[in-house]
Amino acid sequence: MMAAIKKREARKSMKQPAWITLDGGFAVRHCLVQDISSAGAKLTLEDAAALPATIRLAFARDARTGRLCQVVWRRGASVGVKFIGK
């Protein structure tokens, strides 16, 4: 009997600048979206290890836009996030 293989969603390579906001819109940090899918994204930024578990990712510097994300993994300057809301 074969174990079910979880198929990853197709990710689109972007390399697009974006912003991460913390603390309800304060502490804006620049990042680079390496790739994205409907479920999440891979980001690179300075001091990735210092990010909290929940962040907001936006393609504009306006904190009212973007998606709420949960950090699911960290490797060096990269983090993987899962979209959890609007």
Side-chain angles (χ1 to χ4, degrees):
M1 206 163 141
M2 287 181 56
I5 298 170
K6 186 178 177 187
K7 188 172 192 286
R8 268 180 61 166
E9 278 198 58
R11 289 191 169 264
K12 180 182 168 202
S13 183
M14 290 189 82
K15 307 224 181 329
Q16 182 174 339
W19 289 266
I20 292 170
T21 53
L22 317 173
D23 305 325
F26 302 103
V28 176
R29 296 183 189 192
H30 185 263
C31 70
L32 194 65
V33 178
Q34 296 293 337
D35 61 44
I36 194 166
S37 73
S38 61
K42 177 183 175 183
L43 317 175
T44 54
L45 68 151
E46 289 181 24
D47 205 13
L51 281 182
T54 304
I55 61 170
R56 182 169 290 277
L57 175 68
F59 290 103
R61 198 168 173 142
D62 184 346
R64 291 169 302 208
T65 65
R67 301 279 305 266
L68 196 59
C69 303
Q70 179 180 358
V71 176
V72 291
W73 59 261
R74 304 168 197 256
R75 280 183 213 104
S78 297
V79 295
V81 298
K82 174 174 74 172
F83 298 134
I84 55 174
K86 297 276 181 198

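Numbering starts at 1 and runs along the sequence shown.
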### Query
Does the side chain of Leu32 reach to within under 4.5 Å of the side chain of Pro17, using non-hydrogen atoms?
yes
### Message
Quick check for you: to the nearest 0.5 Å, what is the distance between Thr44 atom OG1 and His30 atom NE2?
### Response
9.5 Å
#### Entry: For Ala18, side-chain contact (heavy atoms from CB on, under 4.5 Å) partners two or more places apart
Cys31, Val33, Leu57, Phe59
### Message
Do Leu51 and Leu45 make a side-chain contact, defined as non-hydrogen atoms from C-beta onward lying under 4.5 Å apart?
### Response
yes
### Query
Is there a side-chain contact between Trp19 and Arg29 (heavy atoms, below 4.5 Å)?
no
### Message
If the condition is side-chain hydrogen bond (donor to acceptor under 3.5 Å, both in side chains), which residues does Gln70 pass it with, not counting sequence neighbours?
### Response
none
#### Entry: Residues that Ser78 engages under side-chain hydrogen bond (donor to acceptor under 3.5 Å, both in side chains), provided they are two or more places apart
none
### Task
Working to the nearest 0.5 Å, report the span between OG of Ser37 and CZ of Phe83.
6.5 Å
### Task
Taking the side chain as every heavy atom from C-beta outward, state whether Gln34 and Lys15 have any pair of such atoms under 4.5 Å apart.
yes
### Task
Rounded to the nearest 0.5 Å, what's the gap from CG on Leu43 to CZ on Arg74? Could you check?
11.0 Å
### Query
Is there a side chain to side chain contact (heavy atoms under 4.5 Å, CB included) between Val81 and Ile20 once you walk through the steps?
CA-CA 11 Å; Val81 298; Ile20 292 170; over 6 Å; no
